[in-house]
Structure formats: structure tokens, C-alpha cells
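We name chains A, B, ... by the order of the sequence lines, and we start the count at 1 in each one.
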Amino acid sequence: MTETSQKQMAFIDGSRLIIEASVRAGAGVYIGYPITPANLLYSYANQRFPAMLAAPDEITALQWMSGYASLGILPVTATAFPGYSLMIESINMAMMMELPMVIILAQRLGPATGTATAGAQGDIAVVHGTVSGGYPLPTFCISNLDDCWELTEKAVKTAISLRTPVVLLSSKEMIMTQMSYDLSKLSEISPAVWKHFDGVSDFKPYETDESLIPDFLPLSQNKHQVRFTASTHNKEGILQNTTPEALANSSRLKAKIEKHAESFLYYDFDHQQGADTVVMSFDITAQAAREAVQRLRSEGRKVSLLIAKTLFPIPEKYHEILDTFSKVVIAEENLGGQYRHLLFGSQIPSHIKGVNAIGRMIQPEEIMKEVKSNG
Amino acid sequence: MDNRFLTDNRDLPFCKGCGHTGIATCTERALQKLGFDPLDVIFVTDIGCHGIIDKSLRSHTVHGLHGRSVALAGGIAAGLGQRSDKKVIVFIGDGGATIGMQHLLVAAHHNFPMTVVIHNNMLYGMTGGQPSEFTPTGFNTPAIQRSAAGAIDMVKLMEAAGATYVSRLTGIGDFTDALAEAFAHPGFSVVEVMEICTSYGVKSNPGMKLKQVVEAAGLHPYKNIRPSNTSDHAFEAYSGYQNSLITDKLKVEKEFEPVIKGTVRILLSGSASEGVQSAAEFLARTAMMSGLFSTKKGHYPVTVGVGFSVAEVIISDQPIFYTGSTHPDFMVITSKDGLDYAMPRIKNAIDSVVILDSTLEAPETKARIVTADLRAMAGSRNVAMMSIFWLIHNYGILSEESLHTAYGRNKLSAKVPISTFTDKL
Ligand code: SF4
């Protein structure tokens, strides 16, 4: 059989793959609140999820999700910035309670209600700053249809294995555009396994071994007392003032994510020998970057490409890679370059260049121009 | 069975004389009376003095955000399901019921199997005695003298939201039986316990008795029990079909040979309700029948039924990365809305072919303009599909054979015969 005859081409959008992959990876309930451009996810979820609830607002959505998660049922929702902003306090709560869940953030043009039907990558800084105190919130960003499948699985599994909310970042054009896609590329996905406490005596809901991840027990069992607490708490889950034990528990939440950061590090690095310039991008703009690099190479120019898929916590690996280039071009659809600033601070070195736009997709030509410029 | 719900030292964290103490002890007795195992009960507590009770409880405890306890408990109750033998109880204050009022209405509306106990001491105790929406006129708080608006009658509101068990009682003495009745009610129940904050309420209203306040405010004891329909649960009714979203039906087989080399970008710019999005999708799928890669993205205002409707289609013999098309090869403009939308691109275009409906005024551009009677040929409803037929017929980007085969399989063909389009070409 030839390669072409094994292909199973279909014309699909990313939302379909995201919902299917999340259910296969073990997600059990979808809590929806309608918002453009996340509505396709809502309608696919309604066809596919074992359970589906229509929430009356996004605060309720996150609270219902937390309720399900406390029973050992992995919840998923999808929203855009106006909804995400309402969810923020509840995401903090879920992080503190160590409740796994996946929040799909389909970015659209802001500020405020902005333009609901225009894409954007303007929520990078907001997502980075979601948790009070600077605690890391694992954040993945989809760069093509392959990622809609593979990264969704990773998002669900990271949420469950690290007991944390996870943000799956995307944008309007990435999840709504239909594309021809080879379905035979879709890998098998097995459902995630929750690590339950199996001891017989004393269960302390926030006690951990060296993994820093506490064992889980759902509220539906009646062998051990379980406590979920959003306030500063001790190992028993009892609210405390700033006691050493309670502060150590809060600090552990940061250490837990950082300790396991390697386990959810995803990126594509397409290195070209001899290149002194690298193009970096993510989300739908990654597609423009891929095309730009392909065309630059066909013109005989040497250039490397870094597609970031794990955005937060910012992987050290990215600096390792970027540090080996004398010119770095970071393309993102926002004003000023939010990820660029998070990577390099407020005083960006002169060899780090940005390609930015709002209200439209960044074009491959713009990236090519920046790569070629001598500035 | 060890049926103590409170810890051995029974050390409740409330000021002397605080009404919260009575609720805690009566709750324990009520649950004992109903024969619950402490670990079959889930307490979800809100923010406020009452929420500090967690450490004194031997059941499961969940302590989240201010005002959100009812929503969080709703998620737990929905997840457990209507037939669960677990008991979900929310402890919330009048402050939490103020900020989270919608959650109470929604929990009642969905008939989530749970009981909410509102600790109504008519002010925010934990933060120094500020008024809530439950502070009656004439009841002073240290922060603001008198609440001009008066108290919301929460039980009436909950009744209207569909709660089938509502009661309000004055939290003096033993009200174990009242709580037990609420806990035993199937589906959603709410009990508002009127009480007094000894630290702030008493101080600001010297000599005033709880019963007096309640009488004066018209917040009399009240109870209304209605049949609870637990078979028709809104929250379980949304259960999905659970069939895979990846099916053979999605597949598009290669049946024809491509007639283009390289990439062709097409912009369809028209009006809502004129079939632009479905025609564009049809074009992209038809291209796949010739083994080509294709993408389609749409643009429209938030009101999808009016205004412009624009689609961009790319077809190529190479994999497509960037799905935008700043300089389309063909811009097919089928209406005035579409012309207005595409105007900046038409003005900047150099190499494009602009196919303009003949009813439209030709804009200034270096691009080549070709006019066609697209609207007249197939009517406004089908103008977008007409333009696909016209484009393929005149510019040969796909074989006409593939177009005809694809149209025969499109659901539009049942209503609009292919001759509608082919006769006019
Ligand atoms: S401050 Fe008021 S509400 Fe809080 S425990 Fe004391 S008496 Fe009770």
C-alpha cells in the first residue's frame, strides 16, 4: 500500500479534536457557558461528554467543576477572556484545593468585550498572572491540529497527575478554522488514572511524599475524612493562620509544579545547522512562523524555528535554546509582545525582535521581513 | 457506628451567645436522628464566622470562596446524582447569600439534592459588622447606621426559584426537628435561621431582642413544602450521546485528479443568509476530492444573521500552514456588505481577480475586475454557491466533474437542482 492510500483525509476543525481527545483522556464532565469563539467546543461537548451541564455564569462553571473534581471526575470548560476573568478567583481556589481541571481559553480580541469574532493572543500575561502569589499554572498552547489532539491529552493527564488546574490556550482561528487533516495521524489515547490513597490508617489530605503530590480521595467515599480548603491550611486541610506548616504547604504548591515541569515540557525545535536567527511563536501564529521559515529556507536563508507548546511555567529550555542565537524573532498577535516580555523582562535586549499585530493574523511575510532586516 | 459529627472537645469557634453555636449543635442532633454516618455527610462552608466550623466537624468538609459555597456544593450534589445516599449541607451567612444570591436561585432551580442553611444574623460579622442585603430597616450595624432598603425576603425568593422546601425560623432553643425535616427532603431545601451576632448586632442595637427585630421586619417564621420532582433533574438531563466525534463520515476520499499546481486562495465576500460559509466549505471539500489540501475560515459580525459574511478558502497541492490570505487570487464579491468588507483588500490588490456581482459599483483598483450576474442567475439565497460554479467553470481551479459529483452529495442538491447553477453558465 502506498502512503497516500493509508491516509484518511477529513475536513475538520480543531474544536472537534480537542473535545474528542479530552473525553478519551478521561475527562468526565463538561461545564459550559456560551461565549464566542468557544461555542464549537460547547456544542461538540454536548454530543460527546458523559455529562454536560449548562452553567448560568463562569463563576458557577468553575465552582461546579470544582465540585465534580472533588468526586474524582475530571471537568473541562472553555471560555474567552470575559469569562476567564470571572473564573480567576475560583481557579485560585481549585489550585489551593489541588483539584484537577482543564480550562480551555479561546482568545479573542480585547480589551473588555473587544471583538468577539476576531482572534488574538492577548491573554498571555493574564494567564501568567492568574494565581495570587505568583504560583505557576501549567499552561499549554495549541499550534496546529496535531496539538489539538496531543496537547489536549497532555493537559488532561497533567491536571490529574499533578492535581492542578491546567489552562489549554488557543484562539479563534486555531479552533474554528476548518482544515484538511489526516485522521490516521491520531494516536491512541488511554484514560488517565487518578492516584488514590490506599493506606488503611490516617489520611491527611495534604500530606505528600517526595513527589509533593498528595494522594487523592473523593468526597464520595466514607473510609476517611477528606477536607478541601482554599484558605491557607495545614496537612489535615484545616484553615490556619501563617503557621510554619501551613506556609510550607502553600510553598509546596509552587514546588510541586516546578519539580514536575520536565514531565509536561512540550515544544518543537526545528534547528537548522549554521542558522544564527531563530523564529519563535505559538498558537495560530506558529502556522505563519512555520510557513515563513519554510519560505526563507527555500530562498537559501538559514533560520531555525521554536514553537512553544508549554507556555507556563516558562521552561528554562527556551532560554537555553534562544541563548544560542544572535537574533531572536518572536511573533505573537498582541501589542508589544507579551510572551517576549515575560521571557526577557521590561528591558528587552536589542537582538530580541518582535513581530506583533492586533485584529488580524500575523502574516508569514511580516516574519520573513523581520528575519531579513539588519536592525 | 460512631455518630458524633462534632469533635470531642465540642470546641466551637464562636463568640459567647453567637447564634451559630445553636445551628451547629442542632445540625448534629438532626443528622443523628436521621441516622447518617458522619462520613456520608459533606459540609460545604462559606466565608464568615460560621465557616470556621470546619475544624470542629468530623464529616467531610469543603471550604472555598466567599459566596460560592452553594455553587461548589451544587457541583458536588450534581456529581453525586439524585439517588445518592450522601448528604450535602451548605453553611452560609447572609453576607455569602448576598454576594452569591444567584447561586442559591440556581441551586433551587436545578433542584440539586442538598440543604442550604443560611446563618442570617443580618450583618457581616467577620469583617466588623457591615450591612448585607438581609439587614432589616431599623436594625443598626456598626459600619452604617440603618439599612434604608430593608431586608430581602430570601425564602420567598427561593420559592419563586423553585425550591420545594423553604423555611425560616428564629434560631432560639432547639430546632433540631426543623433541620432534620429539611435534611430529609428529597432534592433541594433551604432553611434561613434568624440569629444575632452578639459582638456587633447586640452592641449596635442595645436592648433589642431577636424576636422583636424579626417581628418588626416581617421576617416571621415560615415554611412551605411542595412535592419535589427528583426524577426530572435538569442537571442530569444534558447527558451526552457519547458517540465518537471522529467517524468515517468525516472522510473525504480522493476520486479525481487535481487540475491546479501550487496554491489558490479564494475570498468569498457577501452577506449573511446567502450561503457564503456553506459554499466555502463545499468548495474546500470538493478540492479534497481531487487530493488537494484545503482550509476554510469565516468572518462575520457577532450577529450571524445580518451584515457581512466572509470566508477564505485555500486549496493547494502542498500542506497549508498559514490559513489567512492577505492577497487572494480570487475575490468573489456577491453583495454590497461583502464589497464594503473587502474594499481595503480590493484597493491594495494587484494580482487578484475581483469577480464582482454586476449590481455592484466597481471600485478603484489595479486588480482585474470581472463582472458577472451572480445574484440574477441563482437568486440571493444561492448566490454564494452560484459563484463557486461560476468560478470553477470560468477559471478551472477544479474539474467540473468533481464539482458536479460533490454537489450531488451536498444536502442543498435535494432542494436546489444542479441545473439552477449549470444552466446559466
Ligand atoms: S463576631 Fe458575631 S457572628 Fe462572628 S462569632 Fe462572634 S457573634 Fe458570631
For the interface with chain A, which of Met288(B), Gln102(B), Lys86(B), Lys249(B) has the highest count of heavy-atom pairs at distances below 4.5 Å? Met288(B)
Exercise: identify the closest heavy-atom pair between Phe308(B) and Pro301(B): O-CD, 3.1 Å
Whatever's closer than 4.5 Å to a heavy atom in chain A on Glu281(B) counts as both
With side chain to side chain contact (heavy atoms under 4.5 Å, CB included) as the test, pick out the partner of Leu145(A) among Met179(A), Lys185(A), Arg16(A). Met179(A)
Between Arg48(A) and Ser244(B), do the side chains contain a donor N or O and an acceptor N or O under 3.5 Å apart? no
Contact part of His233(A) toward chain B, heavy-atom cut-off under 4.5 Å: side chain, backbone, both or neither? neither
Gln6(A) and Ser184(A): side chain donor to acceptor below 3.5 Å: no
Electrostatic pair Lys369(A):Glu365(A) at N-O distance under 4.0 angstrom: no
Is the ring pair Phe228(A)/Tyr206(A) parallel, tilted or perpendicular, if the boundaries are 30 and 60 degrees? perpendicular
Quiz: residues 65-74 of chain B side-chain donor-acceptor pairs under 3.5 angstrom, not counting sequence neighbours:
residue: His66(B); atom: ND1; partner: Asp46(B); partner atom: OD2; Å: 3.3
residue: Arg68(B); atom: NH1; partner: His103(B); partner atom: NE2; Å: 2.9
residue: Ser69(B); atom: OG; partner: Asp46(B); partner atom: OD1; Å: 2.6

Would you call Arg285(B) and Glu253(B) a salt bridge, using N to O less than 4.0 angstrom? no
Please table the atom pairs, donor to acceptor, closer than 3.5 Å between any side-chain atom in residues 28-36 of chain A and protein atoms at least two apart or in another chain.
residue: Tyr30(A); atom: OH; partner: Ala78(A); partner atom: N; Å: 3.3
residue: Thr36(A); atom: OG1; partner: Asn39(A); partner atom: ND2; Å: 3.4

Is it the side chain or the backbone of Met97(A) that comes within 4.5 Å of chain B heavy atoms, both, or neither? side chain
Using distance alone, with no hydrogens and no angle criterion, decide if Asn222(A) and Asp40(B) have a side-chain donor and acceptor under 3.5 Å apart. yes
Kindly write out the residues that satisfy side-chain hydrogen bond (donor to acceptor under 3.5 Å, both in side chains) with Glu366(A), not counting sequence neighbours, or none if the list is empty. Arg360(A)
Using a cut-off of under 4.5 Å for heavy-atom pairs, which of Val313(B), Leu245(B), Val62(B) has the most such pairs with chain A? Leu245(B)
Salt-bridge contact Lys297(B)-Glu173(A) (side-chain N to carboxylate O under 4.0 Å): yes
Quick check on Val106(B) against chain A: is it the side chain, the backbone, both or neither that has a heavy atom closer than 4.5 Å? side chain
For each of Pro56(A), Ser90(A), Ala55(A), Ala116(A), tally heavy-atom pairs with chain B at distances under 4.5 Å, and name the one with the top tally. Pro56(A)
Can you say whether Thr285(A) sits under 4.5 Å from chain B via the side chain, the backbone, both, or neither, judging by heavy atoms? neither
Which atoms of Phe43(B) approach chain A - backbone, side chain, both or neither, heavy atom under 4.5 Å: neither
Gln178(A) portion near chain B, given a 4.5 angstrom heavy-atom threshold: both
Look at Leu57(B), Asp248(B), Leu292(B) and state which one has the largest set of heavy-atom pairs under 4.5 Å with chain A. Leu57(B)
Under 3.5 Å, is there a donor on one side chain and an acceptor on the other for Thr295(B) and Thr323(B)? no
Counting distance only, does the side-chain N/O of Ser15(A) pair as donor-acceptor with the main-chain N or O of Ile175(A) below 3.5 Å? yes
Look at Arg227(A), Lys223(A), Gln294(A), Gln363(A) and state which one has the largest set of heavy-atom pairs under 4.5 Å with chain B. Arg227(A)
Check each atom of Leu219(A) against the heavy atoms of chain B and say whether the ones under 4.5 Å are side chain, backbone, both or neither. both
By a 4.5 Å heavy-atom criterion (distance strictly below it), what part of Ser59(B) contacts chain A: side chain, backbone, both, or neither? backbone
One option among Asn144(A), Asn92(A), Thr115(A), Asp57(A) has the most heavy-atom pairs under 4.5 Å with chain B, and it is Asp57(A)
Looking only at atom types and distance, does a side-chain atom of Arg108(A) sit under 3.5 Å from a main-chain N or O of Thr113(A), one as donor and one as acceptor? yes
Is Ser220(A) close to chain B through its backbone or its side chain, or both, or neither, when contacts mean heavy atoms under 4.5 Å? both
Taking every heavy-atom pair that is under 4.5 Å apart, which of Arg290(A), Met176(A), Glu89(A) has the most such pairs with chain B? Glu89(A)
Residues in residues 58-66 of chain A near chain B [non-hydrogen atoms, under 4.5 Å]: Ile59(A), Thr60(A), Gln63(A), Trp64(A), Ser66(A)
For each of Ile76(B), Asp54(B), Leu250(B), Thr61(B), tally heavy-atom pairs with chain A at distances under 4.5 Å, and name the one with the top tally. Thr61(B)
With a 4.5 angstrom heavy-atom cut-off, which part of Lys55(B) approaches chain A: side chain, backbone, both or neither? both
